[in-house]
Amino acid sequence: MKFKHLLLALATSVALVGPGLAAEFKIGLNEDPDLLDPDQARSFVGRIVFASLCDKLVDITPGLEIIPQLATAWNWSDDGMELTMDLRQGVTFQDGTPFDAAAVVANIDRSQTLPESRRKSELTSVEKIEATGDHQVKFTLKAPDATLLAQLADRAGMMMSPTAFNASGLDFANNPVCSGPFSFGERVQQDRIVLNKYDGYWNADAIHVDKVTFLPIPDTTVRLANLRAGDLDMLERLAATDVKSVKADPNLSEAEAVSLGYQGITVNIANGAGAGSPIGNSKLVRQAFSWALDREAINQVVFDGAFAAGNQPFPPTSPWYTKDLPVPPRDVAKAKALLKEAGYDKVDVELTVANNPVNQQLGQVIQAMANEAGFNVSLKSTEFATLLSAQSAGDYQTDQIGWSGRIDPDGNIYSFVVTGGGLNDNDYSNPEVDKLLNEARTNNDIATRKSLYDQANHILDDELPIIYLYHQTWIWALSKDIKGFVPYPDGMIRLEGVTKG
Amino acid sequence: MLRYIGKRLLIAIPTLLIVSIFVFMLQKILPGDPALVMAGEERDPQVIAFIRAKYHLNDPLIMQYFYWIGGALRGDLGISLRTNQPVLVLIGQKLPVTIQLAIMSMIFAFAIGIPAGIISAIKKGTIIDYVANIVALSGLSIPNFWLGIMLILLVSVQLGWLPASGFEMFTVDPVRSIQTMIMPAFVLGTGLAAALMRHTRSAMLGVLKSDYVRTARAKGLSENVVILKHAFRNALLPIVTLSALLFGQLLAGAVLTEQIFTIPGFGKLIVDAVFNRDYAVVQGVVLCTAFGFIVMNLIADILYVLLNPRMREGA
Amino acid sequence: MTTIAIETLPEQDVHSENRAWAKLKASHSAMAGAVLVVFFIAIALLAPVLPIADPTATDWGAVRKAPSALHWFGTDEIGRDLFSRMIWGAQASLLAGVVSVAISVAIGVPFGLISGYFGGWTDQIISRITDALLATPFLILAIALAAFLGPSLTNAMIAIGLSSMPVFIRLTRGQVLAVRTEDYVEGAHAIGLSHTRIIARYILPNVFSPILVQATLTVATAIIAEASLSFLGLGQQPPAPSWGSMLNVAKNFLEQAPWMAMWPGAAIFLVVIGFNLLGDGLRDALDPRETD
């Protein structure tokens with residue numbers, strides 16, 4: 001009799017304790033996010049927090065296909081000027097406000113009209129948005145825009161509770177309310193951000209973590225030390241040179257995804273004081289520089305082979321990569337011949353790099369390689385803020401700089417090489433390229449777009465306004481008991497399906 | 001006494017003004033455009049224009065200075081460009097952290113430095129003195145960021161005794177607070193302990209030779225009493241005044257230590273602010289540290305005056 | 001009358017000079033410090049003529065190799081010989097220390113002299129500015145100056161020099177104040193010697209000793225300051241070596257290549273201890289009150 005009671009008690013307690021075990025997750029970040037307001041946010045690391053805090057209209061697969069999240073279906077009109085979206089039903093924001101078409105309209109409105117909004121440039125093509133039903137919205141565009149869906153898969157498409165942002169205005173970031181799997185708990189600047197599981201989440205079954213704490217730890221060595229010591233469950237942006245040791249560690253595991261962005265050398269063609277150099281004036285000299293570099297060796301020496309060598313705005317793993325323009329090997333003879341053809345024996349090049357150890361190492365490797373092919377590279381190490389201004393004003397000859405990357409290929413190429421583009425820091429201008437890229441961003445057909453980008457890539461590979469070098473790989477290190485993590489090329493940590501222990 | 005304090009506070013005002021002008025100019029001549037840094041990757045020209053207008057970045061420098069100093073006098077130190085928080089709030093959050101770090105470092109420094117200094121003075125010329133001197137000098141000579149990293153590798157990763165980073169206020173969770181702050185306090189404290197030890201030693205040496213100690217010995221008092229009651233108390237004066245000054249310098253010395261151990265304190269705040277061209281934060285923080293430094297100096301001088309007559313009466 | 005006044009004015013005492021020198025030589029720790037300092041200065045000066053590898057020669061195949069017969073100190077992150085970089089790095093680190101202090105002294109001492117000697121409003125203004133400089137956290141000042149001037153060794157030296165200057169102004173001023181009211185100075189006034197002569201002949205020699213001691217000790221802090229600035233990316237820029245920037249890079253490879261951090265860390269430590277020991281020894285030797 002007593003024994004049966006005991007057994008029953010044990011069974012019940014185990015049943016109660018089982019699912020009740022609070023799984024707490026600690027994630028180490030490379031920086032402290034800026035503002036937790038999707039409209040005002042401007043950092044990559046902030047997006048990692050948003051991935052748990054805010055749901056978006058659409059999301060992506062690791063293969064970069066657009067899939068439903070808060071929007072369940074969508075339709076373009078034949079002329080590409082209207083986009084109709086059906087919204088998911090039964091969704092509420094973390095403060096109880098129902099998610100509906102009116103909420104979406106209010107969100108897009110805020111993104112477009114708030115003076116501090118950094119999302120305006122992402123939604124320039126949207127003329128207006130209206131609710132065509134309780135759970136349906138229609139975007140009307142000023143001109144066809146093939147990139148719009150991709151924009152809605154990022155911060156522009158993150159839905160915030162209108163009740164919250166109407167009440168708090170600019171201070172929304174101090175207490176953000178969205179509709180994602182976790183709601184805002186607390187934040188101590190430069191110390192931690194705590195999110196708690198939102199039980200009313202529409203996909204709550206996929207979430208097996210009760211609390212997420214983000215800890216910004218800028219020093220990569222210290223961040224890894226924290227993981228090893230058990231004070232973190234996972235970290236983002238593991239240093240490439242630490243990959244080998246993490247792989248050899250039985251208590252840790254590692255995940256990778258080639259990023260969407262690129263790193264390269266922007267050559268000042270016609271912008272300000274830095275223009276007029278031999279390398280800026282002659283495409284032959286730029287080609288020579290490119291042939292002088294051994295991209296695989298750079299990857300090996302500086303990043304222990306963990307990154308991906310590249311020669312286009314898209315990584316070789318991307319569906320948009322132009323396959324008949326493979327990453328070139330090093331060819332010093334060819335480089336020297338090209339220099340001669342351009343009329344030079346030796347060319348002086350000033351390369352500006354950011355003043356952190358990794359970029360400086362990269363600069364020195366580039367310098368050593370190019371110097372063997374007839375160049376005389378001098379390195380100019382600059383602080384980040386100064387680098388930005390110098391770049392914008394044209395106070396540089398060549399600049400080692402990159403781009404974090406966007407889901408849509410247009411985001412990696414358009415603003416940089418189009419005449420007068422917002423991020424065109426070298427004043428490169430080719431009407432043929434302009435034509436191709438303008439057409440590519442208004443045409444919704446993937447095959448057509450691919451062909452247009454291929455043509456553009458061929459021209460860019462010949463003229464080399466940007467000498468692409470490599471693509472960063474997002475590398476995560478995890479504690480062995482974390483299972484179910486899927487690496488995405490956008491670098492985000494999606495906690496759906498992730499379990500601990 | 002009150003007149004003395006009053007006079008000193010009066011002198012502090014032009015000093016603070018000069019500091020404010022100085023740090024303001026320093027910020028403004030730094031190359032790099034904060035609006036560009038704050039605008040984000042996409043560099044939307046609309047946003048940049050908006051930021052420049054909102055934070056008066058287009059106004060002539062003199063106007064910008066008066067906007068700021070006027071606000072400062074009313075208690076409004078401006079807004080951080082990076083986080084939109086009022087600078088005063090940021091300082092309010094970070095200062096207690098650094099102060100806790102400073103206090104813990106001072107405890108280390110006192111606990112190690114003063115006894116070491118006393119023993120070294122008593123045993124002057126012997127091996128103990130020699131070794132103590134070398135150890136003290138080592139404490140002064142090791143770059144503290146270097147010491148910090150080595151400690152993390154050894155204590156957190158290899159031995160697993162203490163967490164590698166992070167932080168908790170003492171008032172929230174005392175145990176965890178001490179765990180996370182012990183290493184950084186040690187790193188900061190070693191340099192201070194060294195300085196304290198050397199000053200204690202030389203102050204004690206000076207006093208041990210003095211008349212009243214000779215008198216005490218002549219009176220037949222035991223050596224321990226002589227040392228603790230008479231010598232040390234008189235040596236206390238320069239030690240106390242030095243400590244007040246060191247406390248002020250600690251705030252500045254915490255910069256690199258907070259960087260390594262990821263402690264969200266004053267030092268980290270200001271380094272990040274300089275690199276992000278977050279003008280308001282840098283100006284506000286420097287003004288506060290300058291004020292704190294002046295106050296510390298004043299306390300040191302007052303202590304000096306207070307302790308002196310009492311010393312003379314006591315002997 | 002005049003003759004007698006001049007005779008009573010104290011000149012530089014030959015005996016006290018010898019006594020100081022003798023005391024210095026007798027102190028073991030001061031001599032140890034001197035040996036260290038001389039050793040590192042010698043290395044720095046001899047770097048160009050020593051038969052060592054090119055400190056900027058890269059070698060992809062020899063990245064982060066442990067110390068061996070080929071590379072006595074091992075190689076760094078792009079295959080350069082560490083032994084050579086350590087020796088050449090001595091130039092940067094020692095320059096950083098010595099030049100910064102030279103700047104501090106060259107600007108600080110004259111201002112201190114003027115401030116202490118002339119008093120009045122000049123003194124007030126200079127003192128308030130010095131207070132303001134002292135009240136600004138040293139490293140922040142250095143960081144801001146280095147950021148303004150641009151990251152480079154020269155600019156780091158200027159930044160550190162300017163940030164260390166207030167101490168010398170204060171020190172000099174204090175010494176001048178102590179000496180200014182002495183009888184022999186009053187006497188010099190009375191016989192009509194010019195300010196410059198008075199300062200040069202009677203005040204400077206008294207100021208010399210404490211300045212020397214402080215300068216030696218400040219070289220130590222300046223070397224650490226350069227390492228700190230390099231740690232933040234504001235000091236010596238690549239490919240030229242400096243111990244501080246080598247430490248900055250080495251911290252990312254502590255596990256894979258600990259030797260990269262060992263050498264510069266040890267070198268900074270030793271050279272700083274050397275200057276500290278020497279400075280202490282000088283203080284003891286030159287202090288007229290020390291009686292043993």
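So that the names make sense, note that chain A is the first sequence line, chain B the second, and so on, each numbered from 1.
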> Find the distance between CG (A/L224) and CD1 (B/I152) and round it off to the nearest 0.5 Å.
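Atom-to-atom, A/L224:CG and B/I152:CD1 are 11.5 Å apart.
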> Heavy-atom distance under 4.5 Å to chain B: side chain of A/E122, backbone, both or neither?
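Side chain only.
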> Could you tell me which non-hydrogen atom of B/F50 sits nearest to which non-hydrogen atom of A/P115, and how far apart they are?
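Smallest heavy-atom distance, with atoms named: CE1-CB, 3.3 Å.
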> Supply the atom-to-atom distance A/L423 CG to B/D44 CG, rounded to the nearest 0.5 angstrom.
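Reported value, rounded in 0.5 Å steps: 10.0 Å.
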> Counting only heavy atoms closer than 4.5 Å, note whether B/D272 contacts chain A via side chain, backbone, both or neither.
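It is the side chain, since no backbone atom gets that close.
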> Do other residues, nucleotides or ligands put more than 12 heavy atoms under 6.0 Å from B/I62 CD1?
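Check fails, neighbour count at 12 or below.
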> Taking NZ, NE, NH1 and NH2 as the nitrogens, is one of them in B/K268 or A/D32 under 4.0 Å from a carboxylate oxygen of the other?
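Judged by the 4.0 Å cut-off on N to carboxylate O distance, B/K268 and A/D32 do not form a salt bridge.
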> Does atom OH (B/Y65) have a neighbourhood of more than 12 heavy atoms from anything else shown, all under 6.0 Å?
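More than 12 heavy atoms, drawn from other residues, nucleotides or ligands, come within 6.0 Å of this atom.
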> Does atom CZ of B/F186 have more than 12 heavy-atom neighbours from other groups under 6.0 Å away?
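No.
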> Would you mind checking which part of B/I263 comes under 4.5 Å of any heavy atom in chain A, side chain (CB onward), backbone (N, CA, C, O), both or neither?
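Neither part, no heavy atoms under 4.5 Å.
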> To the nearest 0.5 Å, how far apart are CE in B/M38 and CD in A/Q40?
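Answer for the CE-CD pair, B/M38 versus A/Q40, is 12.5 Å.
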> Could you check which of B/Q259, B/Q93, B/Q46 has the highest count of heavy-atom pairs closer than 4.5 Å to chain A?
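The option with the most such pairs is B/Q46.
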> Taking the side chain as every heavy atom from C-beta outward, state whether A/R42 and B/V37 have any atom pair closer than 4.5 Å.
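They are not in side-chain contact.
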> Considering heavy atoms only, which positions within residues 184-194 of chain A lie below 4.5 Å of chain B?
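Hits under 4.5 Å: A/Q189, A/Q190, A/D191, A/R192.
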> Checking heavy atoms, do the side chain of A/T382, its backbone, both or neither come under 4.5 Å from chain B?
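Contact with chain B is absent: no heavy atom of A/T382 under 4.5 Å.
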> At a heavy-atom separation under 4.5 Å, does A/D395 approach chain B through its side chain, its backbone, both, or neither?
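Neither part.
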> Of all residues at least two apart in sequence or in a different chain, which pass the side-chain hydrogen bond (donor to acceptor under 3.5 Å, both in side chains) check with A/K244?
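Applying side-chain hydrogen bond (donor to acceptor under 3.5 Å, both in side chains) to A/K244 gives none.
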> Under 4.5 Å from any heavy atom of chain B, what part of A/I217 do you find: side chain, backbone, both or neither?
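For A/I217, the contact with chain B is made by backbone and side chain together.
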> Answer yes or no: is there a side-chain heavy-atom contact under 4.5 Å between A/P218 and B/T262?
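A side-chain contact exists here, since the closest heavy-atom pair is under 4.5 Å.
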> From A/N174 CG over to B/Q85 CD, what is the distance, rounded to the nearest 0.5 angstrom?
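It is 6.0 Å, given to the nearest 0.5 Å.
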> To the nearest 0.5 Å, what is the distance between OG (A/S392) and CZ (B/R43)?
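Nearest 0.5 Å value for the OG-CZ distance: 5.0 Å.
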> Counting only non-hydrogen atoms closer than 4.5 Å, does A/D231 touch chain B with its backbone (N, CA, C, O), its side chain (CB onward), both, or neither?
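Side chain only.
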> Let me confirm one number: the OG-CD distance from A/S121 to B/E41, rounded to the nearest 0.5 Å.
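A/S121 atom OG to B/E41 atom CD measures 11.0 Å (nearest 0.5 Å).
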> Closer than 4.0 angstrom, basic N to acidic O: yes or no for A/R155 and B/E42?
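The answer is yes: the pair qualifies as a salt bridge.
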